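All remarks here apply to the structure that follows.
What you see is a predicted model; the values in this text were computed from it and never measured.
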Amino acid sequence: MRSHRIVTIPGDGIGPEILASALDVLADTEGRLETFHLELEEHIGGVACHERTGKPLTDESLEACRTADAVLKAPVGLPWARGADGTETGLLGGVLRNGLDLYANVRPIKLWPGVTPPIKVEAGQVDYVIVRENTEGLYLSRGRGVGNEEAMADVLLMTRKGVERIIRFAFEMAQRRNGSPSDGVRRVTCVDKSNVLRSFWFFRQIFQRIGEEYPLVEKEYLYSDAAAQALVQRPWHFDILVMENFLGDLLSDLGGGTIGGLGMCPSGNYGDRVAYFEPIHGSAPDIMGKGVANPLSQILSAAMMLEYLKEEEAAQMIQRAVWSALASGDLAIQANGQPVGGSTAATKAVLAHLGQS
Ligand code: NAD
Ligand code: IPM
Ligand code: MN
């Protein structure tokens with residue numbers, strides 16, 4: 001029996017609700033397969049932790065994440081919990097991504113059946129991945145903004161090492177996928193703003209050079225404003241899009257809006273030695289405690305974690321269960337992104353289909 005040590009972080013807002021759903025699905029999968037065991041270790045993080053300790057994650061918990069086989073994190077942060085500089089106190093992006101050097105933020109945007117997308121597309125026609133640089137760009141300025149009462153600056157910085165490694169990561173991933181849904185072409189789209197900013201020209205030049213090492217992958221360039229339109233008008237064209245941190249933050253939520261909402265969006269944050277998995281969305285304080293959140297973002301993040309742990313059979317079992325629960329109509333996602341019957345009904349439907357797949 002293979003064993004994996006997993007740190008879980010329940011987070012804030014809807015975090016504990018959707019993490020509980022994902023842990024139910026993991027436990028059920030483990031029980032059915034009996035080939036692996038997850039040794040779970042819960043660590044408090046986010047606003048709840050900041051209120052107790054003055055930090056969104058303690059040093060001990062960060063160390064536990066560094067030495068774990070993987071981390072399954074729920075959303076953290078509450079917009080009313082802010083520090084003296086005005087930014088939120090509960091966030092862990094800087095702590096985990098920079099603290100553990102997790103440079104690749106992988107955000108699959110996939111249209112599943114049974115959802116109500118705002119654009120006219122069928123399940124399977126949207127299936128691309130946003131590879132978001134995760135340790136520099138504009139967000140390197142987290143906690144470092146400078147200024148006074150009259151002006152304030154956050155610097156966007158790109159380094160050769162940082163850009164090279166994310167671009168290589170994107171091309172390597174393209175080689176492992178099956179290409180875009182519309183034409184099957186393996187394609188990496190470089191999304192930047194190099195018409196205006198030197199840092200993005202630096203990014204594009206490195207993309208061009210590294211792209212030459214991958215002759216079988218098509219390269220394409222889009223400015224980020226035009227990319228926003230294209231992701232709505234012709235999302236089926238895309239396979240992998242690689243971009244700077246802030247752009248990846250914005251465009252991945254835009255992608256989520258086209259496939260039934262953020263509750264359909266898992267993600268993985270990868271470094272060379274550690275990785276953590278979380279929904280791309282936040283703690284959704286507007287719906288916390290109401291039992292209406294879509295837990296699939298957290299459940300699919302757990303499946304991405306299993307893939308990373310090389311528990312492919314278990315990962316596929318969960319993905320198949322989600323697909324068949326949605327395709328059969330036992331689970332449906334409304335236009336507002338919430339599952340019919342709420343989180344409990346959604347979790348039950350996935351568990352029922354785990355038994356069948
Ligand atoms: P949000 O992503 O929490 O919510 C945006 C909208 O999407 C809301 O209407 C919400 O109800 C809806 N939504 C999100 N997840 C959903 C789900 N699973 N099912 C159904 N609907 C869902 O963004 P926000 O309101 O701008 O931010 C709330 C808090 O989360 C802030 O404190 C923010 O800083 C934080 N945040 C944290 C993370 C993270 O931990 N990774 C990511 C983004 C935002
Ligand atoms: C995300 C979030 C975080 C980010 C914030 C809340 C720290 O928006 O993971 O998309 O972009 O850094
Ligand atoms: Mn975001």
Problem set entry | Sequence neighbours excluded, every pair satisfying side chain to side chain donor-acceptor pair (under 3.5 Å) that has a member inside residues 140-149 |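 Output for this query lists S141-D154.
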Problem set entry | Inter- and intrachain pairs under side chain to side chain donor-acceptor pair (under 3.5 Å), touching residues 238-249, at least two apart |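 Sorted result for residues 238-249: R132-N245, Y139-D249, R177-D239.
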Exercise. Do L96 and V106 share a hydrophobic cluster, counting only Ile, Leu, Val, Met, Phe, Trp and Tyr and linking them when any side-chain heavy atoms are less than 4.5 Å apart?
Worked result: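 No, L96 does not connect to V106 through the hydrophobic network.
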Side-chain ([X]) to main-chain ([Y]) donor-acceptor, under 3.5 angstrom:
X    : Y    : result
E133 : E136 : yes
T116 : I333 : yes
Q175 : E172 : no

Problem set entry | Other residues, nucleotides, ligands: >12 heavy atoms within 6.0 Å of K219 NZ |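 Yes, NZ of K219 has more than 12 neighbouring heavy atoms, counting only those of other groups under 6.0 Å.
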Problem set entry | CG/D272: more than 12 non-hydrogen atoms of other groups inside 6.0 Å |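 Atom CG in D272 is not packed in, count stays at 12 or less.
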For this session: Taking ring pair (Phe, Tyr, Trp, His ring centres under 6.0 Å) as the test, write out the residues that go with Y103, two or more places apart.
Result: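 Y103 satisfies ring pair (Phe, Tyr, Trp, His ring centres under 6.0 Å) with no other residue.
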For this session: Just jot down the ring pair (Phe, Tyr, Trp, His ring centres under 6.0 Å) partners of F238, sequence neighbours excluded, or say none.
Result: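 By the ring pair (Phe, Tyr, Trp, His ring centres under 6.0 Å) rule, F238 matches no residue at all.
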Problem set entry | From E311, E39, H37, residue fulfilling side chain to side chain donor-acceptor pair (under 3.5 Å) relative to H4 |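 Answer after filtering E311, E39, H37: E311.
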Exercise. Sequence neighbours excluded, which residues qualify as side chain to side chain donor-acceptor pair (under 3.5 Å) partners of T53?
Worked result: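 Partners of T53 by the side chain to side chain donor-acceptor pair (under 3.5 Å) criterion come out as none, since no residue qualifies.
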Exercise. Of all residues at least two apart in sequence or in a different chain, which pass the side chain to side chain donor-acceptor pair (under 3.5 Å) check with T344?
Worked result: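 With sequence neighbours excluded, T344 shows a side chain to side chain donor-acceptor pair (under 3.5 Å) to no residue whatsoever.
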Check the side chains of [Y] and [X] for a donor-acceptor pair under 3.5 angstrom, ignoring hydrogens and angles.
X    : Y    : answer
R204 : S194 : yes
H237 : E220 : yes
S61  : E63  : no

Does the pair [X]/[Y] count as a salt bridge with the N-to-O cut at 4.0 Å?
X    : Y    : result
D225 : K193 : yes
R66  : D59  : no
D183 : R187 : yes
E278 : R97  : yes

For this session: Write out all pairs satisfying ring pair (Phe, Tyr, Trp, His ring centres under 6.0 Å) with one or both partners inside residues 206-232, taking only residues at least two apart or from two chains.
Result: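 Qualifying pairs: F171-F207, F171-Y214, F207-Y221.
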For this session: Applying salt bridge (Lys or Arg N to Asp or Glu O under 4.0 Å), name anything that partners E41, two or more places apart in sequence or on another chain.
Result: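 E41 satisfies salt bridge (Lys or Arg N to Asp or Glu O under 4.0 Å) with R5 once adjacent residues are dropped.
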For this session: Tell me, please, which residues at least two apart from E60 pass salt bridge (Lys or Arg N to Asp or Glu O under 4.0 Å).
Result: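 Counting only residues at least two positions away or on another chain, E60 forms no salt bridge (Lys or Arg N to Asp or Glu O under 4.0 Å).
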For this session: Just do the side chain to side chain contact (heavy atoms under 4.5 Å, CB included) check on Q319 and W112 with the steps written out, would you?
Result: CA-CA 10 Å; Q319 281 160 347; W112 296 73; 4.2 Å; yes
Exercise. Should M264 and L326 count as side-chain neighbours, where that means a heavy-atom distance under 4.5 Å?
Worked result: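 In short, these two side chains touch, coming nearer than 4.5 Å.
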Exercise. Are side-chain heavy atoms of V232 and T258 found at a separation under 4.5 Å?
Worked result: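 A side-chain contact under 4.5 Å exists here.
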Exercise. Given a cutoff of under 4.5 Å between side-chain heavy atoms of I, L, V, M, F, W and Y, with clusters grown through shared members, what are the other residues clustered with L78?
Worked result: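 Direct or chained contacts put L78 with V47, W80.
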Under 3.5 Å, sequence neighbours excluded: what are the donor-acceptor pairs made by side chains of residues 19-28?
{"residue": "S21", "atom": "OG", "partner": "T347", "partner atom": "OG1", "Å": "2.9"}
{"residue": "D28", "atom": "OD2", "partner": "R32", "partner atom": "NE", "Å": "2.7"}
{"residue": "D28", "atom": "OD2", "partner": "R32", "partner atom": "NH2", "Å": "3.4"}

For this session: Output, in order, the C-alpha distance, side-chain angles, deciding distance and verdict of side chain to side chain contact (heavy atoms under 4.5 Å, CB included) for L138 and M158.
Result: CA-CA 9 Å; L138 187 56; M158 301 209 200; over 6 Å; no
Acceptor/donor pairs from residues 280-288 side chains to any protein atom, 3.5 angstrom cut, sequence neighbours excluded:
{"residue": "H281", "atom": "NE2", "partner": "S297", "partner atom": "OG", "Å": "2.8"}
{"residue": "S283", "atom": "OG", "partner": "G77", "partner atom": "O", "Å": "2.6"}

For this session: Evaluate the criterion side chain to side chain contact (heavy atoms under 4.5 Å, CB included) for residue pair V131 and N105; output intermediate values, then yes/no.
Result: CA-CA 6 Å; V131 175; N105 191 328; over 6 Å; no
